[in-house]
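No hydrogens, no waters, no symmetry mates; every other heavy atom, side chains included, goes into these values. These figures come from a predicted structure and were not determined experimentally.
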Amino acid sequence: QLQLVESGGGFVQAGGSLRLSCAASGRAFRTYTVAWFRQAPGKEREFVAAIFRNGGSTFYEDSVKGRFIISRDNVKNTVVLQMNSLIPEDTAAYYCAADSRLILSSIRRSDQYDYWGQGTQVTVSS
């Protein structure tokens with residue numbers, strides 16, 4: 001079992017930055033692939049970024065490449081999403097998700113993740 005708790009959301013003006021954290025409780029955290037998804041009102045949940053288990057390869061949705069950075073600390077059991085140059089289109093609830101059996105080809109699929117946090121709201125004003 002793994003429990004995930006997100007923090008760091010808030011309100012920011014366009015061009016600003018926010019740092020989201022996902023704290024995990026449970027064993028063998030390094031064996032979990034961890035991703036961030038987001039969901040805006042009236043829209044489907046979409047993939048944002050992921051960091052693969054063990055080796056830590058990273059993946060990004062095209063619209064956040066060059067602006068967001070995902071990283072992990074397997075000692076502290078945390079994954080951080082550093083979000084820079086924020087735009088109003090980034091406004092959404094952001095969710096941390098994890099899975100230990102995910103294969104690379106499924107990393108962007110929300111239905112492949114077994115564990116989810118409660119979400120944290122990010123609002124970017126123009």
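A heavy-atom distance below 4.5 Å is not found between the side chains of Ile69 and Leu81.
Residue pairs satisfying the salt bridge (charged side-chain N to carboxylate O under 4.0 Å, His left out) criterion with at least one member in residues 93-104, sequence neighbours excluded, are listed as follows: Arg101-Asp114. Here salt bridge (charged side-chain N to carboxylate O under 4.0 Å, His left out) pairs that include residues 14-36, with residues two or more places apart or in two chains, number zero.
Contact between Ala40 and Ala92 at its shortest, heavy atoms only, is N-CB, 3.8 Å. Of all non-hydrogen atoms in Ala98 and Val34, the two that sit nearest each other are CB-CG2, 4.2 Å. Listed here is the closest heavy atom pair of Val48 and Tyr94: CG2-CE2, 4.2 Å. The shortest non-hydrogen separation linking Trp36 to Leu20 is CH2-CB, 3.7 Å. Minimum interatomic distance between Leu4 and Gln118 (heavy atoms only, all atoms of both residues): O-OE1, 3.8 Å. Closest approach of Gln39 to Lys43, counting heavy atoms only: NE2-O, 3.1 Å.
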Do Ile51 and Thr33 pass the side chain to side chain contact (heavy atoms under 4.5 Å, CB included) test, and can you show the C-alpha distance, the side-chain angles, and the key distance before you say yes or no?
CA-CA 6 Å; Ile51 187 162; Thr33 294; over 6 Å; no
Working for side chain to side chain contact (heavy atoms under 4.5 Å, CB included), residues Phe29 and Arg72
CA-CA 10 Å; Phe29 177 69; Arg72 68 189 299 160; 3.5 Å; yes
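The OG atom of Ser125 sits 4.5 Å away from atom CD of Gln13, with the distance rounded to the nearest 0.5 Å. Separation of atoms CZ (Arg53) and CG (Asn74) is listed at 12.5 Å; rounding is to 0.5 Å. Atom CG of residue Leu18 and atom CE of residue Met83 lie 4.5 Å apart, to the nearest 0.5 angstrom. Distance CZ/Phe68 to CG/Asn84: 8.5 Å, rounded to 0.5 Å. A distance of 6.0 Å separates CD in Glu61 from CZ in Arg38, rounded to the nearest 0.5 Å. Note that SG of Cys22 and CG of Asn77 are 10.0 Å apart. Values are rounded to the nearest 0.5 Å.
For Thr91 (side chain) and Thr123 (main-chain N/O), no donor-acceptor pair under 3.5 Å exists by modelled atom type. Checking side-chain atoms of Glu6 against main-chain N and O of Cys96 turns up a donor-acceptor pair under 3.5 Å.
Every side-chain contact (heavy atoms from CB on, under 4.5 Å) that Ser25 has, sequence neighbours left out, goes to Gln3. Taking Arg109 as the reference, Ser106, Asp111, Gln112 meet the side-chain contact (heavy atoms from CB on, under 4.5 Å) condition, with sequence neighbours excluded.
The hydrophobic cluster containing Leu104, built from Ile/Leu/Val/Met/Phe/Trp/Tyr side-chain heavy atoms closer than 4.5 Å, also comprises Phe37, Phe47, Phe52, Phe59, Tyr95, Leu102, Ile107, Tyr113, Trp116. With a 4.5 Å cut-off between side-chain heavy atoms of Ile, Leu, Val, Met, Phe, Trp and Tyr, the cluster of Phe11 takes in none.
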